[in-house]
Structures are given as structure tokens and as C-alpha cells.
Amino acid sequence: MDTKFARRTERIGRTTCSYWRAGKCNRNPCRFVHIETPSPPAACGYGNTAYSYGKKPHSSSENTPKYGSKKALLRDNGDRGDATRVAKAFKKSSPRICKYWINNNCVHGEQCLYLHSWFRGDGFSTVTKLQEHKKVITGIALPVGSDKLYSGSTDGTVRIWDCHTGQCAKVINLGAEVTSLISEGSWIFVGLQNAVKAWNIQTMSEFTLDGPKGRVRAMTVGNNTLFAGAEDGVIFAWRGSSKADSPFELVASLTGHTKAVVCLAVGCKMLYSGSMDQSIKVWDMDTLQCTMTLNDHTDAVTSLICWDQYLLSSSSDRTIKVWACIEAGSLEVIYTHTEENGVVSLFGMPDAEGKPILFSSCRDNSVHMYELPSFSERGRLFAKKDVALIELGPGGLFFTGDESGLLMVWKWLEVPKVASS
């Protein structure tokens with residue numbers, strides 16, 4: 001009996017109090033422990049890959065996936081098992097961010113079960129928070145040769161930030177929701193309801209480009225052409241003009257989508273458009289004709305990026321699809337990655353070591369960071385609300401804007417150099 005009692009006492013003494021976990025234990029003393037029990041060591045390393053970027057595989061050809069022979073970005077690692085185990089281990093050890101800590105009123109301190117940090121991972125850090133916008137940030141731009149950062153929001157303003165001080169230098173109140181914002185050269189383009197505003201930051205001139213019906217939710221520039229996707233499913237295209245009243249001339253209206261166009265991307269002499277109608281259309285930028293329609297997503301297409309010879313797309317259907325050109329120039333899905341929640345946006349950039357990193361913003365107020373081509377999770381960023389967009393800056397900086405109006409500035413950390421012996 002004494003032995004059984006001792007074993008039971010020892011077992012209780014190793015058990016974490018469930019009420020303490022919830023912050024509700026009022027027993028003093030409590031027979032259960034008020035600390036987290038040690039977890040087994042997680043899988044280590046992201047570098048156990050049989051393939052490297054731009055190099056021949058060292059494993060046998062029988063282990064090579066169907067897209068293993070393609071070059072550069074999406075070359076497979078030959079064994080997705082390691083990447084899957086690493087991703088699962090990271091996911092298991094990644095608590096959610098504390099919603100009370102975000103608002104500076106968490107009373108549990110270090111004993112809180114949730115994360116008191118804006119990120120989880122290494123190789124990057126936060127620089128500062130810019131909280132002036134009141135609603136969704138819909139555009140971030142850093143014009144070439146300027147020391148100013150521009151941000152647009154559905155609160156009806158464009159804010160101009162001084163990159164040296166981090167202070168808001170100017171607020172432009174447009175009196176209407178800013179639904180997109182990009183820069184090209186000395187031009188800032190602002191998407192509004194039924195129009196696009198064009199500002200030249202060198203000449204201080206301003207023009208209004210009419211034509212779109214409804215909110216302009218996506219814009220991009222390619223082949224000296226400005227493309228703007230509107231809520232009615234039409235994409236408007238403007239090119240440079242010698243007319244005195246406007247330096248832009250409407251050259252085409254690209255029709256085919258049946259619902260709002262929400263994302264645009266340019267690559268391989270093609271324009272790609274994603275829509276709420278669940279389709280992706282491919283347009284020849286010379287003829288401005290639609291050459292194909294891709295229908296593999298089962299919900300709204302939310303983001304598109306072109307990287308090397310690949311097209312990456314995301315959707316509210318919780319998937320990220322990787323497309324590659326096959327015979328006769330058609331596109332085929334060569335890999336599908338599934339998230340737990342719908343994907344808001346995608347962005348790709350190299351880290352401090354030059355490794356390609358894919359950012360996947362999801363409907364859980366977080367941004368997942370994946371190393372390509374393995375899709376092993378590198379880290380995670382957190383926000384007050386869903387991150388609507390990400391933008392690359394100079395000197396290792398990058399920016400995230402969420403639906404609460406919070407603009408975060410991040411920085412890749414330099415990789416320490418090992419002294420040679």
C-alpha cells in the first residue's frame with residue numbers, strides 16, 4: 001500500500017495543474033505542479049536535403065520527383081519526410097500569440113501559456129511598430145531614390161513616413177477608401193473607387209485615371225503598362241502618352257473574369273490575374289489577349305507571385321499551388337501545399353543568406369515563413385489581425401501591414417562570419 005501511494009504521489013507531483021494552465025487555480029498549496037513539464041527535444045536542422053538550388057541531385061534518380069529535373073527555385077529536396085517532420089515539430093512548439101499581451105494588459109507575465117512576442121524563429125527581428133492607420137493597410141511602397149515610405153489604408157488616407165526618423169511626415173486624406181497602392185519609378189499609383197490616382201513625387205503633378213467600375217483592388221506594372229484590376233472583373237491597361245492633359249492613355253480593357261480581380265502579377269512576358277471567381281487568367285502582354293484560364297482552385301484566388309520560371313498562387317481554399325510550364329507553354333500544378341486556414345497573401349524574398357523564403361499570410365493572424373523548395377517552416381510572424389500585405393525594403397528591411405492598421409518594420413539579421421583557422 002505504501003508503495004502504491006508513493007507511486008501515485010510521484011505521478012501527481014509530475015503532472016501540470018490544468019487549472020493553473022488556464023490561470024484559474026486557487027489552491028495553495030496545490031498537489032499538482034505549477035510549471036510546464038519538459039517537452040521532448042524537437043527535430044533539429046533544416047539543411048538535411050538531398051537537393052540544393054541549381055545543383056544536380058546526389059541521390060539516385062528513382063527518388064527524384066516529377067519536377068526534380070527543373071532548375072532553380074522549386075527543385076525538390078528528394079526526401080520530403082525530413083521537411084515534414086521539421087514542419088510538424090515547429091508547429092507543435094508554436095503557441096499562439098497572447099491577445100492580451102498585444103494590448104499591453106496580460107496579467108500572467110512569464111507564466112502566460114501564450115507567446116509574448118511578435119514572432120517565433122530566428123534570423124530576423126522587429127525594428128519598430130507604426131500604428132497610425134485606423135483600418136486595413138492595403139498598400140506599402142518605397143519609390144526609387146526616395147527616403148519616404150508610403151502606405152495606404154481603407155481609413156481613406158495615404159501616410160508618408162520618414163525612413164530616417166520613423167515618424168509620419170504627412171497625411172493625405174482622400175475622402176475614400178484606398179484599396180491598393182504601388183510605386184513605379186517616380187510614380188505613386190493609388191487605387192480608389194472607380195479611379196486610379198497617379199502622383200509624380202518629382203514633379204509634384206497629379207492625375208486621375210478614370211474607367212474602372214468599383215474598387216480597384218490590385219495593380220501592377222509590366223511592359224511599360226499600368227494594369228489595374230477592378231471589382232467588376234475588368235482589368236484596365238494604361239501606357240505612356242504625349243498628351244498634355246495626361247501622361248497616360250487607356251489602351252485596353254481586359255475582360256473575362258466574372259467577379260472582382262483581387263491580385264495581379266507579371267512574369268515571363270505574361271500578366272497573371274486572380275479573381276473572386278476562383279480562376280487565374282494568363283494574358284499575353286504584347287497582344288493583351290487571354291491565352292489560358294487556370295481553374296484548379298476551389299475558392300477565391302487571393303495572391304499571385306512569379307518567381308524564376310514558376311507561378312505561385314494562394315486561395316481561400318487553404319492551398320498554395322506551384323505552377324510550371326510544360327509542353328506547348330501550358331501551366332500545370334506541380335505541387336500543392338495545404339494550410340490550416342485560408343491564405344490571405346503570398347510574398348517571396350531572400351533571407352540574409354540569400355535563401356528563398358516564401359511568406360504565407362493566413363486567416364489566423366499569422367504569417368508562415370517557408371524555406372523553398374522544401375516548404376519546411378522557418379519561422380512565424382504574428383499580428384493583431386490578418387496581414388494583408390508584405391513589402392521588401394532596402395538593407396534587409398521588410399514591412400507587414402495588417403487589417404488593424406498596424407504597420408510593422410522587420411529586419412533580416414546578418415549571418416555571423418566564422419573566422420578561418
Side-chain angles (χ1 to χ4, degrees), residues 72-74 87 119 121 124 136-141 180-182 217-220 222 229 260-268 270-276 278-282 294 296-324 331 333-351 355-383 385-393 398-403 408 410 412:
L73 182 66
L74 264 299
F119 65 93
F124 56 93
V136 184
I137 294 178
T138 52
I140 302 172
S180 54
L181 182 149
I182 64 170
R217 298 183 58 178
M219 292 187 290
T220 192
V261 175
V262 295
C263 52
L264 296 169
V266 169
C268 300
M270 295 290 180
L271 170 72
Y272 303 91
S273 58
S275 170
M276 297 289 287
Q278 305 180 13
S279 74
I280 300 169
K281 289 189 177 291
V282 184
L294 312 175
D296 284 49
H297 283 295
T298 58
D299 206 333
V301 179
T302 56
S303 188
L304 296 166
I305 60 174
C306 294
W307 207 341
D308 286 351
Q309 71 269 41
Y310 299 94
L311 173 70
L312 284 76
S313 63
S314 66
S315 170
S316 298
D317 65 10
R318 302 184 298 114
T319 66
I320 300 170
K321 293 186 181 292
V322 182
W323 307 75
L331 286 169
V333 175
I334 59 173
Y335 179 67
T336 297
H337 174 82
T338 302
E339 297 280 14
E340 291 185 3
N341 301 278
V343 184
V344 180
S345 62
L346 296 177
F347 193 82
M349 71 177 79
D351 67 4
K355 295 179 181 178
I357 305 296
L358 178 68
F359 291 73
S360 171
S361 173
C362 298
R363 290 285 179 197
D364 60 358
N365 301 357
S366 74
V367 180
H368 301 240
M369 302 168 62
Y370 298 111
E371 285 192 5
L372 297 180
S374 64
F375 267 89
S376 57
E377 190 163 1
R378 165 72 170 271
R380 198 171 296 186
L381 314 181
F382 300 97
K385 292 187 177 180
D386 294 337
V387 172
L389 73 159
I390 304 168
E391 186 64 39
L392 182 63
F398 62 97
F399 308 88
T400 58
D402 72 16
E403 294 182 355
M408 293 281 288
W410 306 79
W412 288 111

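The shown structure was predicted, so the numbers you read here are calculated from the model rather than taken from an experiment. Note: hydrogens, waters and symmetry copies are ignored here, and every other heavy atom, side chains too, is used.
- Ile390 has its side chain within reach of Thr400: a pair of non-hydrogen atoms, C-beta onward, lies under 4.5 Å apart.
- By the 4.5 Å heavy-atom criterion applied to side chains, Thr220 and Leu271 are counted as neighbours.
- In terms of the ring-ring contact (aromatic ring centres under 6.0 Å, His included) criterion, Phe399 has no residue partners (sequence neighbours excluded).
- Taking every heavy atom of both residues into account, Ile137 and Ala388 meet most closely at O-CB, 3.5 Å.
- Here the shortest heavy-atom pairing between Ile334 and Tyr310 reads CD1-CE2, 3.6 Å.
- Put simply, the side chain of Ser315 gets close to the backbone of Ala300: a donor and an acceptor are under 3.5 Å apart.
- With hydrogens and angles ignored, the 3.5 Å screen pairs a side-chain donor or acceptor of Thr302 with a backbone N or O of Val343.
- In this structure the side chain of Leu358 reaches within 4.5 angstrom of the side chain of Phe375, judged on heavy atoms.
- Of all the heavy atoms in Gly342 and Arg318, the pair that sits closest is N-CG, 3.5 Å.
- Contact detail for Gly139 and Leu389: the closest heavy-atom pair is CA-CD1, 3.5 Å.
- The aromatic ring centroids of Phe398 and Phe124 lie 6.0 Å or more from each other.
- Applying the side-chain contact (heavy atoms from CB on, under 4.5 Å) criterion to Ala218, with sequence neighbours excluded, gives Leu264.
- Here the closest non-hydrogen pair linking Tyr370 and Ser360 is CE1-CB, 3.9 Å.
- Listed by chain and residue number, Arg378 satisfy the salt bridge (Lys or Arg N to Asp or Glu O under 4.0 Å) test with Asp351 (two or more places apart in sequence, or in another chain).
- Side-chain atoms of Cys362 and Glu340, non-hydrogen and from C-beta on, never get closer than 4.5 Å to each other.
- Taking Leu331 as the reference, Tyr272, Val282, Met292, Leu294, Leu311, Trp323, Cys325 meet the side-chain contact (heavy atoms from CB on, under 4.5 Å) condition, with sequence neighbours excluded.
- Residues satisfying the side chain to side chain donor-acceptor pair (under 3.5 Å) criterion with Thr319, sequence neighbours excluded, are His297, Asp317.
- In this structure, the side chains of Phe347 and Val367 stay at 4.5 Å or more apart for every pair of heavy atoms.
- Listed by chain and number, the residues in a salt bridge (Lys or Arg N to Asp or Glu O under 4.0 Å) with Asp386 are Arg363 (sequence neighbours excluded).
- Between Tyr335 and His337, the ring planes lie tilted relative to each other; the angle falls in the 30° to 60° range.
- Counted within 6.0 Å of CE on Met276, heavy atoms from surrounding residues, nucleotides or ligands total 12 or fewer; the atom is thus considered open.
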